[in-house]
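Here is how names work: the chains are called A, B, and so on, in the same order as the sequence lines, proteins then strands, and each is numbered from 1.
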2 protein chains.
Amino acid sequence: MDDEQASGDAPAEARIAAARGSRNDHTRRHNLSALLTAVHYGGPLTRAQLTRDTGLNRSTIGGLVAELAELGLVLEDAAAETGAVGRPSLIVRPRTDVVALALHPDVDALELGAVAIDGTVLARRRASLEVPPTPADTVAFAWEAAREVAAELGGARVVGIGAAVPGLVDADGATVVDAPHLGWRDVVLGDALGDALGIPATVGNDANMGLRAEWSFGAAKGVDTVVYLNGSASGIGGAALVGGRMLRGGRGYGGEFGHMMIRSDGERCSCGRSGCLETEVNAPRLDAAAHDATALDGYAETLAAAIANLECAFDPDAVLLAGYLGALFDVRRSLVTERVKALAFRPDVEDVVIARAALGGNRLLIGAAERAFAPLLQDPAGIPLVSLA
Amino acid sequence: MDDEQASGDAPAEARIAAARGSRNDHTRRHNLSALLTAVHYGGPLTRAQLTRDTGLNRSTIGGLVAELAELGLVLEDAAAETGAVGRPSLIVRPRTDVVALALHPDVDALELGAVAIDGTVLARRRASLEVPPTPADTVAFAWEAAREVAAELGGARVVGIGAAVPGLVDADGATVVDAPHLGWRDVVLGDALGDALGIPATVGNDANMGLRAEWSFGAAKGVDTVVYLNGSASGIGGAALVGGRMLRGGRGYGGEFGHMMIRSDGERCSCGRSGCLETEVNAPRLDAAAHDATALDGYAETLAAAIANLECAFDPDAVLLAGYLGALFDVRRSLVTERVKALAFRPDVEDVVIARAALGGNRLLIGAAERAFAPLLQDPAGIPLVSLA
DNA sequence: GGTATATGTTTTCTCCGAGAACATTTTAAC
DNA sequence: GTTAAAATGTTCTCGGAGAAAACATATACC
């Protein structure tokens, strides 16, 4: 961020900062947040490492860690054998009995998981469905599954529940504006879940949740600028991390890369336009072309054109492909890479990593849980935890 | 920003925050920055307004304003007649003798301006050219013009110089990686300018600078998410403000919307691809079609398709059109608006404002100056000002 | 076993904003 | 015109936060 300050590339940021002054206790909150965030993403860290990473004083770190321990958020272990000179430093790690619930309603199933603050999926429940779930089905399932998971986990404390929904979600983090494959329109799922379970609830787009998970614990760990494309039964979902922040857009509908026009002579799309990426490369087409090398080549080229376009716009450090796009990439890796390079507008395209997403079936649960953990990470002392028992 | 905290949509932000702890004096710097930023963008404000806007205590505001005044950055005037009950509040305004220099090398001219901290262009020098300037020409012109401007302005104090270059600029804010229309490659203009003038120098892409200016004082004032398209002799430059921050990308090459593929059967572009927006809609074509209504309609439709694609990706609050794209929009306003609406994928497209950029010939100078002011706005007490005399 | 080194712990110090008390300046009421 | 009320500026005191120094502790190396 010093880099950012030097180049001064955060104009609106600055104007926003003007809206609120900083009180003295903001400092404490910020530092508690910094420490909890560090052990959340970085795993167990010694107090000495925290001291170096934050630039804070030893004594300050001691006080902050003590407060986090009192809040029941971290534990301190005796130091491991390092072989280094000097008094060994205590190891700080997040308590795994602090969990978030994660919910994923999809066309053919409902799934709920309990995810620990270190990203481990501790328990899960899944119900296969013949028809897409209604919002009421979804809330009922969440309630029942949460009870079962609570019984299984015993005394865990929960920070909230996050839901990953395949569709447009409003920037308020509660309203599903339009989820065509589920048949939902203007469903305030966040409020319904929160009321039913008695814990804070947030809703997000599934692609955003997926990228969040990959950024936290997967293939995009620690990278600053990422474009994410996920191919699923519900079409192609897109998301982007821009300068370390999720692309949201004015109303929360940013990142719909599945509906970027990629062939002006392409087929009519359900969205009313023609030649959208999602209509050109989709699950039925890929299934049909499973043993047709030429057809697969064509789809790979279309994917490459889309990636080149996105690189043009975002100049990402990494492009992440998930779902059937990840599978297509795996069987046409060199073709995609080469075509992107040929189509790329800019120098040093080699710097852009194209990779398949890493987290598999846990991705959405982890991403939704991350979203639920976010308020706790921002204000460790200010967010109450609810006992699951 | 509280909104952001609630929805928790800043994952990497959080991880970055973990890297640095907050010391106590950061608070002071933050608050000084908040005040100077407020009067920079908001014009003269009373101390009472600052108190309300920042949430800080009256006494604290008093101390902060006094420090800014001592630093020579703001002045306090007697209150204006308001007719309200109570002791009138002092008016705080930025001192207009604090300036930044702004430089714009283009294919046919060199231009330098001195811009006050309130966004006013105080003085300018321009040299028309037969052939594009070399980097050496540019630095020599900057030196000479800066001397003249200094003589004209007398005792002004300068914070630095910003240059807006039509081409790819590295994220370091100094290196012009490729400016094809100028014929520059890997020119470290920032260092050359800084050494010659003896003041801090930053270089940026002209489209980014243009958007920055429009965001600060023009048609995108105060808006959070903006897509910007500028048509000029050097092609189409693009830029985006995403969640209040300039889109930069991993290497600083983000926002090159002029090279997004918009027609898969389009003409070959100089960049090696086909059907780029810039090859489909450009100055020569528009000039040739000046009195050909059908052709203009076609270009307007192409522009609309590009805007629809960008709305899909960014969900902006506003789309800003400058240069010949602004002119095209002015003569085909309803056609563009309607086609965008028809092509748009999302609900409530009406919320997206499409508008022509406002600042005209001052845009790049103001934007480049804003860039030079940025470090001062972030740390008012830490940036030395150089006397121009 | 002694020493150097690194870290945890305790104490003291400084800085910052909040808040209370008081001063100042205007409008409104009588 | 005088007085009261309201809003803001000014001064002083207070509590909280991190820094820094002094001291305590635990390890490796000789």
Whole angstrom value for the distance that separates [atom2] of [N] from [atom1] of [X]:
| X | N | atom1 | atom2 | value |
| --- | --- | --- | --- | --- |
| A:Glu67 | D:dA17 | CD | C1' | 11 Å |
| B:Leu32 | C:dC16 | CG | C1' | 11 Å |
| B:Leu50 | D:dA7 | CG | P | 18 Å |
| B:Gln49 | D:dA7 | CD | P | 15 Å |
| B:Arg29 | C:dG17 | CZ | P | 13 Å |
| B:Asp25 | D:dA19 | CG | C1' | 10 Å |
| B:Leu56 | C:dC15 | CG | P | 20 Å |
| B:His26 | D:dG16 | NE2 | P | 22 Å |

Considering only side-chain heavy atoms of [X], which listed nucleotide, [options], is closest?
| X | options | result |
| --- | --- | --- |
| B:Arg87 | C:dG17, C:dT7, D:dA7 | D:dA7 |
| B:Ser59 | D:dG18, C:dT7, C:dA18 | C:dA18 |
| B:Val85 | D:dA17, C:dT27, C:dT5 | C:dT27 |
| B:Leu90 | D:dA19, C:dG8, D:dG9 | D:dG9 |

- Task: Kindly indicate whether the side chain of A:Leu32, heavy atoms from C-beta on, has any atom under 4.5 Å from the side chain of A:Leu68.
- Result: yes
- Message: Under 4.0 Å between a side-chain nitrogen and a carboxylate oxygen: does that hold for B:Asp97 and B:Arg157?
- Response: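 Answer for the salt bridge query: yes.
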- Message: Students often mix this up, so state it plainly: with edges at 30° and 60°, are the rings of B:Tyr41 and B:Phe217 parallel, tilted or perpendicular?
- Response: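 Ring orientation of B:Tyr41 relative to B:Phe217: tilted.
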- Query: Looking only at side-chain N and O atoms, does B:Asn31 come under 4.0 Å of OP1 or OP2 in C:dC16?
  - Reply: no
- Query: B:Arg52 side chain N/O closer than 4.0 Å to the phosphate oxygens (OP1, OP2) of D:dT8?
  - Reply: yes
- Message: Here's a test of your reading of the structure: between B:Arg47 and A:Gly83, which maps to the more 5' nucleotide of DNA chain D?
- Response: B:Arg47
- Task: Specify the residue among B:Pro88 and A:Arg58 whose closest nucleotide of DNA chain D lies further upstream toward the 5′ end.
- Result: B:Pro88
- Task: For B:Thr82, report the nucleic acid contact type (base, sugar-phosphate, nothing); a contact means any heavy atom under 4.0 Å.
- Result: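 Nothing, no heavy atom under 4.0 Å.
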- Query: So what does A:Asn57 touch, heavy atoms closer than 4.0 Å: a base, only the sugar-phosphate, or nothing?
  - Reply: base
- First encountered from the 5' end of DNA chain C, between A:Thr46 and B:Thr60: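 This one resolves to A:Thr46.
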- Message: Within this structure, what is the CG-CG distance for the pair A:Leu385 and A:Leu376, rounded to the nearest 0.5 Å?
- Response: 6.0 Å
- Message: Could you tell me if A:Gln378 and A:His30 have a donor-acceptor pair between their side chains, going purely by distance under 3.5 Å?
- Response: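 Not at all, the side chains of A:His30 and A:Gln378 share no donor-acceptor pair under 3.5 Å.
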